[in-house]
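In listed order, ligands and their atoms are each counted from 1. Predicted model, so just to flag it, every value in this text is computed and none were measured.
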Amino acid sequence: MKTSIATVSLSGDLSEKLAAISAAGFGAVEIFEIDFLAFDQGPREVGRMVRDAGLEISLFQPFRDFEGLPEPQRSRAFERARRKFETMNELGADLILICSNVSPLALGGIDRAAEDLRALGEVAREHGVRIGYEALAWGRYVNDHRDAWEIVRRADHPQVGLILDSFHSLSRGIDSGSIRSIPKDKIAIVQMADAPKLDLDLLSWSRHYRNMPGQGDLPVADFMAAVEATGYEGYYSLEIFNDQFRAGSARQTAVDGRRSLIYMMDRLKAEGRAVKGPSEPHPLPPPAQTAGISFIEFATDVGSAVALAKLLESIGFRHAGRHRSKDVELFAQGDLRVVVNTETEGFAHSAYVVHGTNVAALGLRMRDAAAAMARAEGLIATAFRQAVGPGELELPAIRGLGGSLLYLVPENDALGRQWEVDFELEDGWSAHAGAGLETVDHVAQTVRYEDILSWTLFYRSIFDLRPLPAVEVPDPGGLVLSQVLENADASLRIVLNGSQSSRTQSSRFVSQFVGPGVQHVAFRTPDIFATVAALRANGVPLLSIPQNYYDDLDAKFDLAPDVLQAMRAAGILYDRDEGGEYFQIYLEALEGGFFIEIVERRGYRGLGAANAPIRLATQARRRPAGIPAT
Ligand SMILES: O=C(O)c1ccc(O)c(O)c1
Ligand SMILES: [Mg+2]
C-alpha cells in the first residue's frame, strides 16, 4: 500500500510537517497550497526538502473554481492554471487537484466541464503534469463522484483523471459500489478521511470534523474495498481537516494517520476485500486478543512505598514476594497482582521522578503475546526493552499512554510462572482472599482532550478493544469526555477521560501529573457489602456521597429499604441496566489525584456513567486545601 498525507492534516510549519510525515513512514505528501505559500522558501527548495525527507509529492492542491466558467473568467482560470503548472515543475509535483466549482459564476453542464478539463489536459501535457478532478460535496453543480467520473470520462484525455475523496462521497451517502466500475488507470489518487456522524452542513463538517479512517462513523472500509476492487495501486492519501489535529502534535497525528491506514488495509485483507499487491509488506498477525489485566505496577520511592503498602494492605492485599534481583515487591489478593517498584534507575524510576508515585505499567494478559508484539510493531507502536537478571523472564512490552508501559503477558505464564521465576514468594501467597477483591474491573486513564481519538485508535487497532459511544460527564469545572474501550468478553476495560476545560478534575490531573496517566483503578468484588465491612474495619476512608443522591435512588429504583440504608451509610453508588445491577465505592484520592474504586457487577455492563457527576462533584469538594481551584 502506498501511503500519503496532506500537509493540511498536521500542525506546524511546512518543515515540521514534513519531518513528522517522514518519521511516521509515509511515502509521500500532498502539498496543500497555503502551507507552501506561507513558507519562506521557493518551490525548488521546498521540492528539495520533500525529497531530502525521503518523500514524494503525491499531489499539489487545491485548484478551485475552474470548470464551466463564462469568459473572461474562463481564460483567466486557464492562465492561473498555467502558472500553477510552472510552480509544480519547480516543486517536482506531477499531479494537481481541481475541485469542483463552487462559484456562483459557474454555468454547469457536463459537456462544458468535460471540454474545459480536456483543454486543460492539453496544457498539462505541455508541462508534463496531470490533473485530477474531485467532486466537492458542496460543489455548485458537481458534488457527486459519479458526475465527476462522467466528466472525466467524457474529457477523455490521458492527463485527466478522477480524484476520489471518501469524505465527499460518504458524507452524502453515495453508494461506494459505484466506484467498482471505474477503470483503475483513470483514478488519479484516492483521498481518505472518516468523520463522526454529525447533523451539520457538509462544508463545516468537512472543514472541522474529519478524522482518521476508523476514528469516525463513515463506512470507509466499504469505500476502500470498492477502490481495491478496481485494482487501484496508487496512493491512499489522508486529507484530514480537523481542528484538534491542527492544534495537536504533528508527530502524533502523523503516526495515527499511518496506523489508521495500516489498520484499515489489514482489516480489508483479513476480510478478503483488498488487492494483494507484490509490494505489500508481510501481513500483520490477527488483532491481539486480551484476557484482562495481569498486573498493575506502581513506580515510587522507598519512603512513599511504605504508605502505598499500607494502603494496599488496608484494602486486603498481602505482601506476597520480593523480586530476586530488583527493588520490587509483589502484593496479591484474589487474582490481583500489584507490583511496587522502588528501583533507583531504569524505566520505573524515571516515571517516578516525573510523575511521583504512579501506575507506570499495566500487564495485559495476552492469548498470544509474541503475535501481539509483532502486530503492535506492525502498527508502529514502540517496543520497550530493559535489562533482566540471569534466568529472569523478559516480558515483551510496548510504550503506552504518556510513556507508560504495557507488558504483554503470555496468558499461561500469567497463571503463575512469571511470579515464580522472578520472585521469592511467601508461602500460600496466591491463596489470599483479603477483602474480597478479585480482579481489575477497569483502568481509567486521563489524557489531553485532543488525544482521546489517538489512544482510541491505538487500543482498537492493536488490541481489538471496541469503543463504546463516548459520553460527556459534567464536572463542577466543565465537561469531561469519557471514552470506554472494552474487549469482546469485557475482561479488559480501559476508560479514556479528557476535558477541554482547564478546571475539571481531568485537566487538573494532567497538569499536576505532568502528562497523561492512570488516574484510577477499579477492583471488582463479588460482595461489595462484605468488602465495605472489611475496609471499614481497617479504617479505610471512603468517599461519602450526598444524601440527595440516595433520595433520588429511592425514587428511581425499587430498592429494599435496608439495602438502600446500607448503601447510604457506606457511600455506595448504584446503577442498573438491561444486564443487571452495579455497585461502586470510591476511596479518598491520594495526593496527585490517583484514586481507587471498588465495584460489584451483577450482570451490569456499563461503568456507572450516570453516577460520575456525583463522584466528580464530591471529589471536587474534597480536594485538599492548598491546591487552587483554577
Ligand atoms: O474544503 C475544501 O475546500 C477542500 C479542498 C480540497 C479538497 O481535496 C477537499 O477535499 C476539500
Ligand atoms: Mg479532497
Side-chain angles (χ1 to χ4, degrees), residues 3-10 17 26 28-38 57-67 77 80-81 84 88 93-104 106 117 130-149 151-152 160-174 176 179 182 186-195 198 200-213 216 218 220 223-224 226-227 232 234-246 257 260-261:
T3 59
S4 161
I5 184 168
T7 54
V8 74
S9 316
L10 307 174
K17 291 178 192 225
F26 284 95
V29 58
E30 286 183 20
I31 302 288
F32 216 74
E33 190 175 30
I34 191 72
D35 284 312
F36 165 67
L37 299 181
I57 298 177
S58 54
L59 181 66
F60 182 64
Q61 75 135 333
F63 189 81
R64 298 185 190 275
D65 297 337
F66 167 74
E67 83 286 10
R80 203 158 45 90
K84 297 301 164 192
M88 288 168 67
D94 79 332
L95 178 66
I96 187 169
L97 176 146
I98 315 269
C99 50
S100 58
N101 206 324
V102 301
S103 164
L117 284 187
R130 297 176 295 134
I131 63 182
Y133 183 55
E134 173 196 65
L136 292 176
W138 54 90
R140 191 163 177 86
Y141 297 110
V142 179
N143 44 44
D144 182 321
H145 69 246
R146 293 169 294 194
D147 294 335
W149 163 232
I151 290 167
V152 167
V160 180
L162 177 71
I163 294 183
L164 291 166
D165 178 322
S166 62
F167 180 87
H168 294 302
S169 299
L170 300 175
S171 62
R172 297 184 64 103
I174 298 166
S176 293
I179 293 169
I182 302 172
K186 281 292 180 185
I187 303 176
I189 194 166
V190 177
Q191 295 182 314
M192 296 296 299
D194 202 339
L198 294 173
L200 209 64
D201 68 282
L202 292 167
L203 189 136
S204 309
W205 189 17
S206 174
R207 294 257 174 97
H208 301 282
Y209 296 99
R210 289 188 180 204
N211 54 25
M212 302 299 177
L218 299 178
V220 282
F223 178 92
M224 213 164 160
V227 172
Y232 174 78
Y235 283 109
Y236 283 103
S237 189
L238 297 164
E239 188 199 28
I240 319 288
F241 304 91
N242 179 299
D243 298 358
Q244 287 163 235
F245 297 176
R246 282 181 197 272
S260 80
L261 285 177

Show the atoms of ligand 1 that are less than 4.0 angstrom away from any heavy atom in [X].
| X | result |
| --- | --- |
| Pro62 | 6 (C) |
| Arg207 | 1 (O), 2 (C), 3 (O) |
| Asp165 | 10 (O) |
| Leu97 | 8 (O) |
| Gln61 | 6 (C), 7 (C), 8 (O) |
| Glu239 | 6 (C), 7 (C), 8 (O), 9 (C), 10 (O) |

- Report, rounded to 10°, the angle at the Mg ion (ligand 2) between the two atoms OD2 (Asp165) and OE2 (Glu134). 90°

Short side-chain to backbone donor-acceptor contact, [X] and [Y], under 3.5 Å:
| X | Y | result |
| --- | --- | --- |
| Lys17 | Thr7 | yes |
| Ser206 | Leu202 | no |
| Ser58 | Val29 | yes |
| Tyr235 | Leu238 | no |
| Asp194 | Leu218 | yes |

- Side chains of Arg64 and Val102 in contact at under 4.5 Å (non-hydrogen atoms): no

- Query: Side chains of Glu67 and Tyr141: closer than 4.5 Å at any heavy-atom pair?
  - Reply: no

- Write out the residue and atom name of the closest protein heavy atom to atom 10 (O) of ligand 1, then the distance separating them to 0.1 Å. His168 NE2, 2.6 Å

- Heavy-atom closest contact (Val8 atom, Glu239 atom, distance): CG1-CG, 4.3 Å

- Query: Where is the tightest heavy-atom contact between Ala148 and Ala135, given as atom of each residue plus distance?
  - Reply: CB-CB, 3.9 Å

- Query: Name the one of Asp144, Asp65, Val142 that satisfies side-chain contact (heavy atoms from CB on, under 4.5 Å) with Ser100?
  - Reply: Val142

Heavy atom under 4.0 Å from ligand 1: found in [X]'s side chain, backbone, both, or neither?
| X | value |
| --- | --- |
| Phe167 | neither |
| Leu136 | side chain |
| Trp138 | side chain |

- Polar-atom distance check: Ser206 versus ligand 1, any N or O pair below 3.5 Å? no

- the Mg ion (ligand 2) contact by Gln191, N, O or S atom under 2.8 Å: yes

- Out of the N/O/S atoms in Glu239, what is the name of the one closest to the Mg ion (ligand 2)? OE1

- Query: Heavy-atom contact under 4.0 Å between Glu30 and ligand 1?
  - Reply: no

